[in-house]
Amino acid sequence: MSHGHALLAVGGAFLAAGALARVGARIGLPTIPLFMLAGFVFGPYTPGLSLVDDPAEFGVLAGLGLVFLLFYLGLEFSLDDLARGGARLAGAGLAYLVLNVGGGLAFGFALGWGTREALVIAGAIGISSSAIVTKLLLETRRLANPESRLIMGIIVLEDLFLALYLALLQPVLSGADGFAAAVADFGKAFAFLLALTALARWGGRLVSRLFGSADDELLTVCFVGVAVLGAAVAEEVGVSDAIGAFMVGMLLGGSKVAPRVHKLVLPLRDAFGALFFFIFGLSIDPGAVGTVVLPILAAAVLTLVLNLAAGAAAARLHGFDRQAGVNIGLTVLTRGEFSLVLAAMATTAGLDSRVAPFVAGYVLLLAVIGPLAVLRSDRLTWLLPCRLVRSRRTEAAARTA
C-alpha cells in the first residue's frame with residue numbers, strides 16, 4: 001500500500017465510521033456496532049468501494065485502538081470502590097460471572113468447535129461491554145438510580161475478572177507445550193499482574209511524581225508512551241498487550257493525575273477505538289457469518305436469559321424491586337470491546353475460523369438489541385416473574401422498618 005493510499009484509507013475509515021454512527025445516534029444506537037458495520041460495508045468482502053484489500057495492513061492502528069480502549073478501562077477500575085462494595089456486591093458480581101461465563105462455557109462446548117474455542121466463547125459471552133454500559137447509564141440519565149451503583153460495581157468486578165481471564169487464557173491460546181509450560185506461562189503472567197496491582201495500590205504517590213507535569217502536552221506524551229510501552233512489555237512476557245494496557249491504566253488511575261489523564265485520553269480512546277472496531281468490521285466475511293447464524297441467535301437468547309437471572313439475583317440480594325432487576329439485567333446485556341479482543345486473539349492463535357464471525361455477529365446483534373431494550377425497560381418488567389424479586393411494596397416496607 002502506497003503512502004497516499006494509506007492516508008486515504010485511514011481518512012476514509014474515520015469519515016465512514018463517523019457518518020454512520022451519527023445516523024445511528026438519531027435512533028438511539030450505540031457507536032460500537034455502527035463502527036463495525038461501517039468497516040463491514042467498506043471492507044474487502046462486500047461489493048462496492050473497498051478501502052483496503054487486506055485488513056492486516058491496519059494492524060498497528062488496530063493495536064493502538066486496543067491499547068487505548070483497555071487503558072481507559074483500567075483508569076475506570078478502582079480497587080477502593082471494589083473494597084467499599086462489600087459482600088453483597090461481591091455476591092452479585094460472582095453470581096453474574098458464574099451464570100454468564102459458566103453458561104458461555106457450556107454453550108462453547110455444546111458447539112463442538114474445540115476446548116480452546118470454548119474458552120474464548122465463554123469469555124465473549126460472559127463479559128459485558130463496560131463502554132456501552134457506561135454510555136447507556138449516562139444517556140438514559142439513570143446514574144442516580146439505586147441499582148446503577150450496583151451495575152457499576154458489577155462492571156468493576158468484570159474488569160478484575162477480565163485481567164485474570166486474559167492471563168489464564170494467554171498460555172492456552174499460545175499453545176504452551178505441556179501442562180508444566182502452561183503453568184509456567186500463567187505464573188509469569190500472574191506475577192506481572194500482581195506487581196502492577198501492588199504498584200497501583202500503594203505506588204500512587206510515586207506515579208504522581210513521575211507524571212506530575214502541569215503541562216497537558218507533556219502529560220499526554222508521557223502517558224501515551226507508558227501505555228504503549230506497558231502493552232509491549234506485557235506482550236513480550238506472554239501476558240498480552242491488552243492486559244498490559246489495562247494494568248497501566250489501573251496504575252495511573254490510582255494517582256493524583258488520574259482526573260487529568262482521564263480527560264486527556266478520551267479523544268485518543270474515541271478516535272483509535274473507532275478504528276479498532278472499524279478494522280474488526282473490515283475482517284467480517286458475510287459468507288462466514290451466514291454459516292453461524294443459528295449459533296449467534298441461540299447465544300443471544302441464552303445471554304438474555306442468563307442476564308435476567310443475574311439481574312434478579314442481584315436485585316433480590318440488595319432488596320430491589322422487579323423493575324430494578326430488569327434494569328440490571330438489560331443494562332449489562334450488551335457485549336463489545338472485550339468480546340472483540342478475544343475474537344482477535346482467537347484469529348491470531350489460529351483457532352477455528354468460525355469463532356471470529358460468530359463473535360462479530362453476536363456482538364453486533366446484542367449491541368443493537370441491548371440499548372433498545374434498556375430504553376424500553378419499563379415495558380419489559382414481565383420478563384421477570386414477581387417471585388424472583390421483591391415488589392415495590394415490600395421494598396418500601398423494608399425501608400420503613
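Nearest heavy-atom pair, Val332 versus Asn307, reported as atom, atom and distance to 0.1 Å: O-OD1, 3.0 Å. Between Asp216 and Leu264, the closest heavy-atom pair is O-CD1, 3.9 Å. Across Leu20 and Leu34, no two heavy atoms sit closer than the pair CD2-O, 3.5 Å. Pairing each heavy atom of Leu364 with each of Met36, the nearest pair is CB-CE, 4.4 Å. Summarising the geometry of Leu330 relative to Val374, their closest heavy-atom pair is O-CG2, 3.4 Å, with the distance given to 0.1 Å. The shortest heavy-atom contact between Asp352 and Glu117 is N-OE2, 3.0 Å.
Side chain of Arg335 to main chain of Leu366: no donor-acceptor pair is present (N/O by atom type, distance under 3.5 Å, no hydrogens or angles). Side-chain atoms of Thr46 come within 3.5 Å of backbone atoms of Phe40 as a donor-acceptor pair (strictly under, hydrogens ignored). Although no hydrogens or angles enter the test, the distance criterion places no donor-acceptor pair under 3.5 Å between the side chain of Asn145 and the main chain of Glu147. Remark: side-chain polar atoms of His318 are paired, donor with acceptor, to backbone N or O of Ala314 under 3.5 angstrom. Trp113 places no side-chain N or O within 3.5 Å of a backbone atom of Ala110 that could act as its donor or acceptor partner.
With rounding to the nearest 0.5 angstrom, the CG atom of Leu306 is 6.0 Å from the CG atom of Leu99. Going from atom CZ of Phe358 over to atom OG of Ser353 covers 14.0 Å, rounded to the nearest 0.5 Å. Interatomic distance, Leu302 CG to Phe107 CZ, rounded to the nearest 0.5 Å: 6.5 Å. A distance of 8.5 Å separates CG of Leu97 from CD1 of Ile154, quoted to the nearest 0.5 Å. Between atom CG of residue Leu75 and atom NE2 of residue His262 there is a gap of 6.5 Å, rounded to the nearest 0.5 Å. The CG atom of Leu282 sits 10.5 Å away from atom CD of Glu57, with the distance rounded to the nearest 0.5 Å.
You'll find the side chain of Leu365 reaches within 4.5 Å of the side chain of Ile296, heavy atoms only. Contact of the Thr347 side chain with the Leu351 side chain is not registered, since no non-hydrogen atoms from C-beta on lie closer than 4.5 Å. Side-chain contact between Ile121 and Phe109: absent, with no pair of heavy atoms (C-beta onward) separated by less than 4.5 Å. Taking 4.5 Å as the limit, some side-chain heavy atom of Phe277 sits within range of a side-chain heavy atom of Leu69. Inter-residue side-chain proximity for Thr334 and Pro371 is flagged as met; some heavy-atom pair is nearer than 4.5 Å. When side chains are defined from C-beta on, Leu304 does not count as touching Ile369, because their heavy atoms never get closer than 4.5 Å. Taking the side chain as every heavy atom from C-beta outward, Val226 and Leu252 approach each other to under 4.5 Å. Counting heavy atoms from C-beta on, the side chains of Pro295 and Leu111 come closer than 4.5 Å.
With Phe58 as the partner, the side chain to side chain contact (heavy atoms under 4.5 Å, CB included) test is satisfied by one option alone out of Leu51, Ile279, Leu275: Ile279.
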Trace of the side chain to side chain contact (heavy atoms under 4.5 Å, CB included) decision for Phe276 with Leu61
CA-CA 7 Å; Phe276 173 76; Leu61 290 175; over 6 Å; no
With side chain to side chain contact (heavy atoms under 4.5 Å, CB included) as the test, would you mind laying out the steps for Leu380 and Trp382 before giving the verdict?
CA-CA 5 Å; Leu380 299 174; Trp382 55 269; 3.9 Å; yes
Side chain to side chain contact (heavy atoms under 4.5 Å, CB included) between Tyr96 and Ser128, intermediate numbers included:
CA-CA 10 Å; Tyr96 179 87; Ser128 59; 3.6 Å; yes
Applying ring-ring contact (aromatic ring centres under 6.0 Å, His included), run through Phe278 and Phe35 and close with a yes or a no.
CA-CA 5 Å; Phe278 181 90; Phe35 292 153; 8.6 Å; no
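Annotation: cation-pi geometry satisfied between Arg269 and Tyr72 (NZ/CZ under 6.0 angstrom from ring centroid, within 45° of ring axis).
No side-chain donor from either of Arg322 and Asn327 sits under 3.5 Å from a side-chain acceptor of the other. Using modelled atom types, one finds a donor on one side chain and an acceptor on the other under 3.5 Å when comparing Ser377 with Arg142. Thr303 and Tyr362 are linked by a side-chain donor-acceptor pair at a separation below 3.5 angstrom, with hydrogens and angles left out of the test.
The aromatic rings of Phe223 and Phe71 lie parallel to each other, with less than 30° between the two planes, well short of the 60° mark.
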